[in-house]
Amino acid sequence: MKLGIVGLPNVGKSTLFNAITNAGAESANYPFCTIDPNVGMVAVPDVRLDRLSEMYHPKKTTPAVIEFVDIAGLVKGASRGEGLGNKFLGNIRMTDAIVHVVRCFDDDNVIHVEGSTDPVRDMDAIDLELVMADLEMVERRIDKAKKAAKGDKKFLQEAADFEGLRDWLNDGRSARSYTEVDIGAEYPDCELLSLKPVIYAANLDEDGFSDPASVDYYRQVAERAKEQGAQVIPVCAKLEAEIAQLDGEEKQMFLDDLGVAESGLDRLVKASYTLLGLISYLTSGEDECRAWTITRGTKAPQAAGKIHSDFERGFIRAEVVSYDDLMACGTMAAAREKGLIRSEGKEYVVQDGDIILFRFNV
């Protein structure tokens with residue numbers, strides 16, 4: 001699972017990325033300080049895994065993770081190669097979803113590439129570059145389909161589908177909002193940039209982060225995101241960098257002082273996980289407690305295959321207890337005595353928070 005952090009130069013992308021991953025991406029007050037994408041892994045916060053670890057005291061605790069890619073700032077004309085745009089757009093193409101960072105504060109000491117703060121203008125600028133890049137790809141797809149149709153008439157429908165999408169994109173609208181044809185489902189190989197799901201990260205200053213609803217810039221982002229059916233998460237990249245250096249109680253005290261329940265990064269990670277339709281099931285024991293990432297709707301054998309291919313190949317059954325049932329009973333033995341550990345077969349669809357022991361034979 002890979003998410004690309006995008007936005008105009010100097011909106012806080014690399015600062016946010018550093019806070020997420022502690023990977024030390026260079027951050028500087030000028031455009032294009034990030035040339036090659038920085039990649040970092042971040043744990044998905046999961047209180048269930050924390051509680052299991054307290055119960056078992058394992059040698060190792062392994063959370064689910066998301067991969068974030070810090071992609072250099074895009075500018076107007078990126079789809080035509082401006083500002084190393086072709087390379088940057090190619091980096092976005094390799095991601096599963098986009099975290100679009102939008103600057104929502106004024107600061108004379110931080111250069112804005114457009115000369116002023118205007119979050120909706122900035123959002124539209126990035127969206128348009130993605131749409132323009134898609135138009136090129138769609139035109140090539142139409143030409144290819146028409147040529148193929150000379151030998152096989154089935155390609156006429158593909159050409160017609162993409163012609164409809166081309167007309168939609170020509171009006172500056174994203175492939176995500178196109179409803180005539182489910183392009184992603186019908187043509188999963190098309191890799192359109194504006195088809196990728198998006199979360200907007202509204203980067204506020206310290207005062208704004210404690211009460212985002214009071215910030216006009218944030219309200220503008222939220223309204224535009226609502227129009228697109230997208231989520232918006234308030235963050236303060238500067239504060240997140242400070243929070244990332246704290247552990248446990250110190251972090252919670254810091255958040256309490258700010259008057260917020262959890263950091264912007266925790267909310268962003270959780271939202272990103274949900275955006276891609278992902279859930280976690282858990283395994284537990286004295287050696288390791290671990291969260292495993294699967295797509296919602298995955299059946300037990302395929303979930304077992306995430307641990308090892310032998311588990312899927314030789315799947316016999318899954319012994320399952322829900323997290324809530326285990327916590328209510330206090331121990332696995334007590335849950336078993338109450339009949340709360342179920343034996344599930346090959347057709348069982350794994351649920352978020354299931355604690356599973358797989359039985360297999362190869």
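Sequential numbering from 1 along the given sequence is applied to the chain's residues.
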Transitively linked via ILVMFWY side-chain contacts under 4.5 Å: [X] with [Y]?
X	Y	answer
Y56	I341	yes
I316	V362	no
Y200	L193	yes
I356	M332	no
W292	L278	no

Partner residues of E337 under the side-chain hydrogen bond (donor to acceptor under 3.5 Å, both in side chains) criterion, sequence neighbours left out: none
Partner set under side-chain hydrogen bond (donor to acceptor under 3.5 Å, both in side chains) for D256, not counting sequence neighbours: Q252
Between [atom1] of [X] and [atom2] of [Y], what distance do you get to the nearest 0.5 Å?
X	Y	atom1	atom2	value
M123	Q228	CE	CD	5.5 Å
L165	L135	CG	CG	8.0 Å
C289	H57	SG	NE2	10.0 Å
Y348	R317	OH	CZ	15.5 Å
E158	I183	CD	CD1	9.0 Å
L326	R336	CG	CZ	11.0 Å

Strictly distance-based, threshold 3.5 Å: is any side-chain N or O of [X] a donor or acceptor partner for the main-chain N or O of [Y]?
X	Y	result
T331	A334	yes
R93	E191	yes
T117	F105	yes

Side-chain contact test, heavy atoms from C-beta onward, threshold under 4.5 Å: evaluate it for [X] versus [Y] and give yes or no.
X	Y	value
E186	Q157	no
V320	Y281	no
C104	L204	yes
D352	R48	yes
L255	S263	yes
D46	P63	no
S284	M55	no
S210	L258	no

Minimum heavy-atom separation for [X] to [Y], with atom names?
X	Y	answer
L195	R176	O-CG, 3.3 Å
V269	V44	CG1-CA, 3.7 Å
V349	Q351	O-NE2, 3.0 Å
G285	P58	O-CB, 3.4 Å
D96	P197	O-CD, 3.6 Å
F315	G345	CE2-C, 3.8 Å

Identify whether the distance between the nearest side-chain nitrogen and carboxylate oxygen of [X] and [Y] falls below 4.0 Å.
X	Y	value
R224	D127	no
K226	E223	no
R219	D216	yes
K196	D134	no
R141	D161	no
E163	K146	yes
E288	K59	no

Within 6.0 Å of CD in E249, more than 12 heavy atoms from elsewhere: no
Neighbour count >12 (heavy atoms, 6.0 Å) for atom CE, M41: yes
For residues 300-308, please give each side-chain donor-acceptor pair under 3.5 Å, one per line with the distance, not counting sequence neighbours.
from	atom 1	to	atom 2	distance (Å)
Q302	NE2	E312	OE2	3.3
H308	ND1	D310	N	3.0

Derivation and outcome, side chain to side chain contact (heavy atoms under 4.5 Å, CB included), residues F254 and Q245: CA-CA 11 Å; F254 192 93; Q245 305 302 316; over 6 Å; no
For K13, the option from I5, N203, L8 that meets side-chain contact (heavy atoms from CB on, under 4.5 Å): I5
Lys/Arg cation over aromatic F162: R166, 6.0 Å, 45° cone: no
Test side chain to side chain contact (heavy atoms under 4.5 Å, CB included) applied to I98 and L130, step by step: CA-CA 11 Å; I98 294 170; L130 301 184; 3.9 Å; yes
Y273 side chain to S280 side chain, donor-acceptor N/O pair below 3.5 angstrom: yes
V99/I233 under side chain to side chain contact (heavy atoms under 4.5 Å, CB included): CA gap, chis, key distance, verdict: CA-CA 10 Å; V99 176; I233 305 294; over 6 Å; no
Trace of the salt bridge (Lys or Arg N to Asp or Glu O under 4.0 Å) decision for D325 with R342: CA-CA 11 Å; D325 284 346; R342 312 183 308 275; 5.3 Å; no
Audit row: V120, D118, side chain to side chain contact (heavy atoms under 4.5 Å, CB included) steps and yes/no: CA-CA 6 Å; V120 172; D118 185 337; 4.1 Å; yes
